[in-house]
Number of protein chains: 2
Amino acid sequence: MNISEVATRTRLPAKTIRYYEEIGLIAPPRDVNGYRAFRETDMHKLAFLGRARALGFTIEDCRTLLALWEDQGRASADVRSLAQDHLGRIEAKITDLEEMRDTLSSLVHACAGDDRPDCPILKSLGDATL
Amino acid sequence: MNISEVATRTRLPAKTIRYYEEIGLIAPPRDVNGYRAFRETDMHKLAFLGRARALGFTIEDCRTLLALWEDQGRASADVRSLAQDHLGRIEAKITDLEEMRDTLSSLVHACAGDDRPDCPILKSLGDATL
DNA sequence: ATAAGGCTTCCAGTCACTGGAAGGTCAAGC
DNA sequence: GCTTGACCTTCCAGTGACTGGAAGCCTTAT
(Lines give C-alpha, C1' and ligand atoms only; values in the text may rest on other atoms or scores of the structure.)
Protein backbone atom coordinates (compact mmCIF):
# COMPACT_ATOMS: atom_id res chain seq x y z
CA MET A 1 0.00 0.00 0.00
CA ASN A 2 1.44 3.37 -0.98
CA ILE A 3 1.24 6.48 1.13
CA SER A 4 -1.61 8.17 -0.69
CA GLU A 5 -3.92 5.21 -0.23
CA VAL A 6 -3.08 5.06 3.47
CA ALA A 7 -3.65 8.80 3.66
CA THR A 8 -7.10 8.40 2.13
CA ARG A 9 -8.06 5.47 4.32
CA THR A 10 -6.81 6.94 7.61
CA ARG A 11 -7.83 10.47 6.68
CA LEU A 12 -4.37 11.62 7.73
CA PRO A 13 -2.33 13.87 5.41
CA ALA A 14 0.61 12.10 3.77
CA LYS A 15 2.87 14.73 5.31
CA THR A 16 1.69 13.76 8.75
CA ILE A 17 2.27 10.08 8.06
CA ARG A 18 5.85 10.78 6.98
CA TYR A 19 6.27 12.87 10.08
CA TYR A 20 5.02 10.03 12.28
CA GLU A 21 7.60 7.77 10.71
CA GLU A 22 10.31 10.36 11.23
CA ILE A 23 9.59 10.54 14.96
CA GLY A 24 9.43 6.79 15.26
CA LEU A 25 5.72 6.16 15.77
CA ILE A 26 5.56 3.83 12.80
CA ALA A 27 8.21 2.02 10.79
CA PRO A 28 6.81 0.82 7.48
CA PRO A 29 9.24 -1.22 5.35
CA ARG A 30 10.37 0.04 1.96
CA ASP A 31 9.90 -1.34 -1.52
CA VAL A 32 12.94 -1.73 -3.76
CA ASN A 33 12.12 1.60 -5.36
CA GLY A 34 12.34 3.33 -1.97
CA TYR A 35 8.59 3.85 -1.59
CA ARG A 36 7.06 3.12 1.79
CA ALA A 37 5.17 -0.18 1.67
CA PHE A 38 2.51 0.06 4.38
CA ARG A 39 1.19 -3.13 5.97
CA GLU A 40 -2.15 -3.56 7.68
CA THR A 41 -0.47 -3.14 11.07
CA ASP A 42 0.95 0.22 9.99
CA MET A 43 -2.50 1.33 8.95
CA HIS A 44 -4.01 0.22 12.22
CA LYS A 45 -1.39 2.10 14.15
CA LEU A 46 -2.07 5.21 12.10
CA ALA A 47 -5.80 4.89 12.66
CA PHE A 48 -5.12 4.49 16.38
CA LEU A 49 -2.94 7.61 16.31
CA GLY A 50 -5.57 9.56 14.44
CA ARG A 51 -8.18 8.75 17.04
CA ALA A 52 -5.87 9.44 19.96
CA ARG A 53 -4.84 12.78 18.45
CA ALA A 54 -8.49 13.66 17.83
CA LEU A 55 -9.02 13.17 21.55
CA GLY A 56 -6.29 15.71 22.12
CA PHE A 57 -3.56 13.40 23.39
CA THR A 58 -0.08 14.78 22.76
CA ILE A 59 2.30 12.90 20.51
CA GLU A 60 4.23 11.70 23.54
CA ASP A 61 1.00 10.44 25.11
CA CYS A 62 0.30 8.70 21.83
CA ARG A 63 3.69 7.04 21.91
CA THR A 64 2.94 5.72 25.39
CA LEU A 65 -0.59 4.65 24.47
CA LEU A 66 0.69 2.85 21.41
CA ALA A 67 3.24 0.98 23.51
CA LEU A 68 0.55 0.01 26.00
CA TRP A 69 -1.69 -1.06 23.17
CA GLU A 70 1.01 -3.34 21.85
CA ASP A 71 1.82 -4.70 25.30
CA GLN A 72 -0.58 -7.57 25.88
CA GLY A 73 0.25 -7.68 29.59
CA ARG A 74 -0.22 -3.99 30.40
CA ALA A 75 -2.31 -2.91 33.38
CA SER A 76 -5.42 -0.96 32.42
CA ALA A 77 -4.63 1.31 35.37
CA ASP A 78 -1.70 2.76 33.42
CA VAL A 79 -3.93 3.68 30.51
CA ARG A 80 -6.64 5.01 32.74
CA SER A 81 -4.34 7.29 34.70
CA LEU A 82 -2.91 8.72 31.50
CA ALA A 83 -6.39 9.34 30.16
CA GLN A 84 -7.53 10.81 33.43
CA ASP A 85 -4.59 13.25 33.55
CA HIS A 86 -5.41 14.27 30.03
CA LEU A 87 -9.06 14.68 30.91
CA GLY A 88 -8.02 16.98 33.72
CA ARG A 89 -5.99 19.13 31.36
CA ILE A 90 -8.89 19.33 28.94
CA GLU A 91 -11.27 20.35 31.68
CA ALA A 92 -8.84 23.03 32.83
CA LYS A 93 -8.58 24.34 29.30
CA ILE A 94 -12.34 24.42 28.97
CA THR A 95 -12.59 26.40 32.20
CA ASP A 96 -10.00 28.89 30.94
CA LEU A 97 -11.78 29.31 27.65
CA GLU A 98 -15.16 29.70 29.32
CA GLU A 99 -13.75 32.47 31.42
CA MET A 100 -12.41 34.18 28.31
CA ARG A 101 -15.71 33.66 26.55
CA ASP A 102 -17.71 35.18 29.42
CA THR A 103 -15.50 38.24 29.70
CA LEU A 104 -15.32 38.74 25.98
CA SER A 105 -19.01 38.17 25.51
CA SER A 106 -19.97 40.78 28.08
CA LEU A 107 -17.58 43.24 26.46
CA VAL A 108 -18.93 42.57 23.00
CA HIS A 109 -22.47 43.09 24.24
CA ALA A 110 -21.51 46.31 25.97
CA CYS A 111 -20.03 47.70 22.78
CA ALA A 112 -22.33 49.64 20.49
CA GLY A 113 -20.30 48.64 17.45
CA ASP A 114 -21.11 51.73 15.45
CA ASP A 115 -18.96 54.42 13.88
CA ARG A 116 -18.38 56.29 17.10
CA PRO A 117 -15.00 55.86 18.78
CA ASP A 118 -16.36 55.09 22.25
CA CYS A 119 -15.62 51.44 22.97
CA PRO A 120 -15.92 49.55 26.26
CA ILE A 121 -13.75 46.76 24.89
CA LEU A 122 -10.73 48.99 24.42
CA LYS A 123 -11.59 50.83 27.61
CA SER A 124 -11.50 47.61 29.57
CA LEU A 125 -8.27 46.43 27.95
CA GLY A 126 -6.65 49.75 28.68
CA ASP A 127 -7.83 50.19 32.24
CA ALA A 128 -4.87 50.54 34.52
CA THR A 129 -5.92 47.98 37.11
CA LEU A 130 -2.27 47.46 37.96
CA MET B 1 12.10 52.17 34.75
CA ASN B 2 14.18 49.07 34.07
CA ILE B 3 12.81 45.88 32.60
CA SER B 4 12.57 43.91 35.82
CA GLU B 5 10.37 46.53 37.46
CA VAL B 6 8.10 46.61 34.42
CA ALA B 7 8.04 42.83 34.47
CA THR B 8 6.94 42.84 38.10
CA ARG B 9 4.32 45.50 37.59
CA THR B 10 2.82 44.09 34.41
CA ARG B 11 3.29 40.48 35.53
CA LEU B 12 4.85 39.75 32.15
CA PRO B 13 8.18 37.91 31.97
CA ALA B 14 11.11 40.12 30.95
CA LYS B 15 11.72 37.74 28.04
CA THR B 16 8.22 38.40 26.77
CA ILE B 17 8.67 42.14 27.04
CA ARG B 18 11.88 41.97 24.98
CA TYR B 19 10.04 39.83 22.49
CA TYR B 20 7.24 42.37 22.21
CA GLU B 21 9.81 45.01 21.46
CA GLU B 22 11.47 42.78 18.87
CA ILE B 23 8.21 42.35 16.98
CA GLY B 24 7.42 46.04 17.19
CA LEU B 25 4.56 46.13 19.69
CA ILE B 26 6.45 48.55 21.92
CA ALA B 27 9.45 50.79 21.36
CA PRO B 28 10.93 51.93 24.66
CA PRO B 29 13.87 54.36 24.38
CA ARG B 30 17.32 53.41 25.66
CA ASP B 31 19.49 54.83 28.40
CA VAL B 32 23.10 55.73 27.61
CA ASN B 33 24.14 52.37 29.01
CA GLY B 34 21.93 50.56 26.50
CA TYR B 35 19.30 49.55 29.04
CA ARG B 36 15.68 49.92 28.02
CA ALA B 37 14.15 52.95 29.77
CA PHE B 38 10.43 52.26 29.97
CA ARG B 39 8.00 55.16 30.14
CA GLU B 40 4.51 55.08 31.58
CA THR B 41 3.08 54.74 28.08
CA ASP B 42 5.19 51.63 27.48
CA MET B 43 3.90 50.14 30.68
CA HIS B 44 0.32 50.91 29.76
CA LYS B 45 0.76 49.29 26.40
CA LEU B 46 2.27 46.22 28.02
CA ALA B 47 -0.60 46.02 30.49
CA PHE B 48 -3.03 46.31 27.59
CA LEU B 49 -1.21 43.53 25.77
CA GLY B 50 -1.23 41.34 28.85
CA ARG B 51 -4.98 41.69 29.17
CA ALA B 52 -5.64 41.16 25.49
CA ARG B 53 -3.43 38.05 25.45
CA ALA B 54 -5.19 36.76 28.57
CA LEU B 55 -8.42 36.99 26.57
CA GLY B 56 -6.77 34.79 23.98
CA PHE B 57 -6.27 37.36 21.23
CA THR B 58 -3.41 36.49 18.91
CA ILE B 59 -0.41 38.75 18.69
CA GLU B 60 -1.61 40.06 15.36
CA ASP B 61 -5.03 40.81 16.87
CA CYS B 62 -3.20 42.60 19.66
CA ARG B 63 -1.29 44.67 17.15
CA THR B 64 -4.57 45.72 15.56
CA LEU B 65 -6.25 46.37 18.89
CA LEU B 66 -3.33 48.47 20.05
CA ALA B 67 -3.51 50.53 16.88
CA LEU B 68 -7.26 51.03 17.37
CA TRP B 69 -6.66 51.94 20.98
CA GLU B 70 -4.19 54.63 19.94
CA ASP B 71 -6.47 55.90 17.19
CA GLN B 72 -8.78 58.39 18.82
CA GLY B 73 -11.08 58.43 15.82
CA ARG B 74 -11.58 54.69 15.38
CA ALA B 75 -15.01 53.21 14.94
CA SER B 76 -16.04 50.94 17.77
CA ALA B 77 -17.51 48.65 15.11
CA ASP B 78 -13.99 47.67 14.06
CA VAL B 79 -13.09 46.61 17.56
CA ARG B 80 -16.37 44.86 18.07
CA SER B 81 -16.11 42.79 14.93
CA LEU B 82 -12.60 41.70 15.80
CA ALA B 83 -13.73 40.71 19.27
CA GLN B 84 -16.77 38.94 17.92
CA ASP B 85 -14.71 36.87 15.48
CA HIS B 86 -12.43 35.94 18.29
CA LEU B 87 -15.37 35.04 20.47
CA GLY B 88 -16.58 32.73 17.73
CA ARG B 89 -13.24 30.98 17.58
CA ILE B 90 -13.22 30.55 21.34
CA GLU B 91 -16.70 29.11 21.32
CA ALA B 92 -15.73 26.67 18.59
CA LYS B 93 -12.71 25.60 20.58
CA ILE B 94 -14.85 25.07 23.67
CA THR B 95 -17.24 22.90 21.66
CA ASP B 96 -14.34 20.80 20.37
CA LEU B 97 -12.91 20.37 23.82
CA GLU B 98 -16.28 19.48 25.30
CA GLU B 99 -16.66 16.77 22.72
CA MET B 100 -13.23 15.41 23.61
CA ARG B 101 -14.05 15.66 27.28
CA ASP B 102 -17.32 13.73 26.89
CA THR B 103 -15.77 10.92 24.88
CA LEU B 104 -12.76 10.68 27.12
CA SER B 105 -14.80 10.84 30.26
CA SER B 106 -17.05 7.99 29.22
CA LEU B 107 -14.00 5.92 28.31
CA VAL B 108 -12.29 6.65 31.61
CA HIS B 109 -15.43 5.65 33.49
CA ALA B 110 -15.73 2.44 31.49
CA CYS B 111 -12.18 1.44 32.36
CA ALA B 112 -11.64 -0.61 35.49
CA GLY B 113 -8.17 0.83 35.98
CA ASP B 114 -6.77 -2.18 37.75
CA ASP B 115 -3.84 -4.48 37.00
CA ARG B 116 -5.67 -6.48 34.36
CA PRO B 117 -4.88 -5.77 30.72
CA ASP B 118 -8.47 -5.42 29.56
CA CYS B 119 -9.04 -1.76 28.71
CA PRO B 120 -11.96 -0.14 26.89
CA ILE B 121 -9.89 2.98 26.26
CA LEU B 122 -7.33 1.14 24.15
CA LYS B 123 -10.04 -0.97 22.66
CA SER B 124 -11.89 2.09 21.46
CA LEU B 125 -8.74 3.76 20.11
CA GLY B 126 -7.82 0.58 18.28
CA ASP B 127 -11.21 -0.22 16.82
CA ALA B 128 -10.98 -0.31 13.06
CA THR B 129 -13.95 1.91 12.33
CA LEU B 130 -12.35 2.85 9.04
C1' DA C 1 9.72 9.55 -25.94
C1' DT C 2 7.21 12.27 -23.19
C1' DA C 3 3.97 13.99 -19.93
C1' DA C 4 1.41 13.65 -15.74
C1' DG C 5 1.23 12.30 -11.42
C1' DG C 6 3.15 9.94 -7.31
C1' DC C 7 6.95 9.17 -4.55
C1' DT C 8 11.34 10.63 -2.16
C1' DT C 9 14.28 13.86 0.85
C1' DC C 10 15.46 18.13 2.87
C1' DC C 11 14.85 22.82 4.39
C1' DA C 12 12.17 26.47 6.19
C1' DG C 13 8.17 28.39 8.43
C1' DT C 14 4.34 28.44 11.78
C1' DC C 15 3.02 30.74 16.96
C1' DA C 16 4.37 32.92 21.03
C1' DC C 17 7.39 32.50 23.57
C1' DT C 18 11.40 30.21 26.64
C1' DG C 19 16.12 28.72 27.96
C1' DG C 20 20.72 29.44 27.98
C1' DA C 21 25.34 31.23 26.85
C1' DA C 22 28.49 35.06 26.60
C1' DG C 23 29.44 39.37 27.92
C1' DG C 24 28.68 44.51 29.52
C1' DT C 25 26.95 47.50 33.80
C1' DC C 26 25.91 48.93 38.40
C1' DA C 27 25.80 49.32 43.54
C1' DA C 28 27.59 47.71 47.87
C1' DG C 29 31.06 46.17 50.87
C1' DC C 30 35.94 45.56 52.02
C1' DG D 1 40.41 50.08 43.86
C1' DC D 2 38.64 45.50 43.64
C1' DT D 3 35.51 41.99 43.98
C1' DT D 4 31.03 40.08 44.15
C1' DG D 5 26.52 39.49 42.75
C1' DA D 6 22.61 41.09 40.64
C1' DC D 7 21.29 43.38 36.90
C1' DC D 8 21.16 44.25 31.89
C1' DT D 9 22.31 43.23 26.86
C1' DT D 10 22.32 40.28 22.40
C1' DC D 11 22.10 36.13 19.88
C1' DC D 12 21.04 31.36 19.00
C1' DA D 13 18.36 27.32 19.55
C1' DG D 14 14.31 24.75 20.91
C1' DT D 15 9.30 23.97 21.80
C1' DG D 16 4.69 20.96 19.27
C1' DA D 17 2.85 19.09 15.60
C1' DC D 18 2.77 19.73 11.70
C1' DT D 19 2.75 22.27 6.79
C1' DG D 20 4.55 24.25 2.41
C1' DG D 21 7.63 24.06 -1.12
C1' DA D 22 11.64 22.87 -3.99
C1' DA D 23 14.36 19.47 -6.40
C1' DG D 24 14.63 15.21 -8.18
C1' DC D 25 13.57 10.04 -8.89
C1' DC D 26 9.80 6.47 -10.29
C1' DT D 27 5.66 4.74 -12.69
C1' DT D 28 2.07 4.51 -15.91
C1' DA D 29 -0.24 5.78 -20.04
C1' DT D 30 -0.12 7.60 -24.42
Side-chain angles (χ1 to χ4, degrees), chain A residues 1-39 42-43 45-46 48-66 85-86 89-90 93 96-97 100, chain B residues 1-39 42-43 45-46 48-66 85-86 89-90 93 96-97 100:
Chain A
M1 220 181 325
N2 277 350
I3 200 164
S4 63
E5 188 183 343
V6 178
T8 310
R9 299 204 2 209
T10 59
R11 267 157 257 138
L12 290 172
K15 277 272 186 191
T16 299
I17 296 173
R18 289 194 195 99
Y19 173 69
Y20 286 173
E21 185 197 35
E22 192 190 321
I23 63 173
L25 289 176
I26 53 166
R30 300 295 181 119
D31 270 341
V32 273
N33 59 12
Y35 287 17
R36 290 170 185 82
F38 294 87
R39 300 154 299 187
D42 298 313
M43 258 223 12
K45 277 196 198 184
L46 286 168
F48 180 100
L49 290 168
R51 281 188 284 268
R53 291 287 301 129
L55 286 177
F57 285 103
T58 66
I59 288 287
E60 286 318 303
D61 282 348
C62 289
R63 198 187 295 282
T64 307
L65 286 170
L66 210 48
D85 284 3
H86 179 48
R89 283 191 296 271
I90 286 178
K93 211 175 283 181
D96 278 4
L97 286 171
M100 287 184 199
Chain B
M1 220 183 326
N2 278 350
I3 200 166
S4 64
E5 189 184 341
V6 178
T8 309
R9 301 209 351 215
T10 58
R11 268 158 255 137
L12 291 173
K15 278 270 186 192
T16 300
I17 297 172
R18 289 194 196 98
Y19 173 68
Y20 286 172
E21 185 196 35
E22 193 189 322
I23 63 174
L25 289 176
I26 54 166
R30 301 296 182 119
D31 270 342
V32 272
N33 59 14
Y35 288 17
R36 288 169 185 83
F38 294 86
R39 300 153 298 186
D42 298 314
M43 257 223 12
K45 278 195 198 184
L46 287 167
F48 180 101
L49 290 168
R51 281 188 285 267
R53 292 287 300 131
L55 286 177
F57 285 104
T58 66
I59 288 286
E60 286 317 303
D61 282 347
C62 288
R63 198 186 297 280
T64 306
L65 286 170
L66 210 47
D85 286 2
H86 179 48
R89 283 191 296 271
I90 286 178
K93 211 176 281 181
D96 280 3
L97 286 171
M100 287 184 199

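Just so we're on the same page: letters track the sequence lines, and every chain starts at 1.
- Along DNA chain C, the nucleotide nearest to Phe38(A) and the one nearest to Val32(B) differ in position, and the one closer to the 5' end is contacted by Phe38(A).
- Taking side-chain N and O atoms only, Thr16(B) has a distance below 4.0 Å to OP1 or OP2 of dT18(C).
- One atom, CZ of Arg36(A), and another, P of dC7(C), lie 10 Å apart when rounded to the nearest Å.
- Summary of helix geometry: the two end axes of the helix from dA1(C)-dT30(D) to dC30(C)-dG1(D), each defined by five base pairs via their C1' atoms, are inclined to each other by 30° (rounded to 10°).
- At whole-Å resolution of the value, CZ in Arg89(B) and C1' in dC15(C) are 14 Å apart.
- Looking at His86(B), its side chain does come within 3.5 Å of a backbone N or O of Leu55(B) through a donor-acceptor pair.
- The closest donor-acceptor contact from the side chain of Thr8(B) to the backbone of Ser4(B) lies under 3.5 Å.
- One finds no side-chain N or O of Thr58(A) lying less than 4.0 angstrom from the OP1 or OP2 phosphate oxygen of dG16(D).
- With a 4.5 Å cut-off on side-chain heavy atoms, Phe57(B) and Thr64(B) do not count as touching.
- Looking at heavy-atom distances under 4.0 Å, Ile3(B) makes contact with sugar-phosphate atoms alone, never a base.
- As a whole-Å value, the separation of Glu21(B) CD from dC17(C) P is 15 Å.
- For the pair Asn33(B) and dC26(C), the criterion of a side-chain N or O lying under 4.0 Å from OP1 or OP2 is met.
- Per the geometry, CG belonging to Leu46(A) stands 12 Å off P belonging to dC18(D), to the nearest Å.
- Distance Lys15(B) NZ to dC11(D) P: 12 Å, rounded to the nearest Å.
- Closest contact between the side chain of Arg30(B) and the listed nucleotides dC8(D), dT10(D), dA16(C) involves dT10(D).
- dC18(D) atom P lies 12 Å from atom CZ of Arg63(A), rounded to whole Å.
- Rounding to the nearest 0.5 Å places OH of Tyr19(A) at 8.0 Å from CG of Leu25(A).
- The base of dG16(D) is not paired with the side chain of Tyr19(A) by any donor and acceptor separated by under 3.5 Å.
- Counting heavy atoms from C-beta outward, Phe38(B) and Arg9(B) have side chains that stay 4.5 Å or more apart.
- Between Phe57(A) atom CZ and dA17(D) atom P the separation is 13 Å, expressed in whole Å.
- Using a 4.0 Å heavy-atom distance criterion, Arg18(B) is classed as a base contact.
- At distances below 3.5 Å, not a single donor-acceptor pair connects side-chain atoms of Arg36(B) with backbone N or O atoms of Met1(B).
- To the nearest 0.5 Å, the span separating CD1 on Ile26(A) from CG on Leu46(A) amounts to 4.5 Å.
- Residue-level contact check: Tyr20(A) touches the backbone only, with heavy atoms under 4.0 Å from sugar-phosphate atoms and none from bases.
- In this structure, Glu60(A) atom CD and dC18(D) atom C1' are separated by 14 Å, rounded to whole Å.
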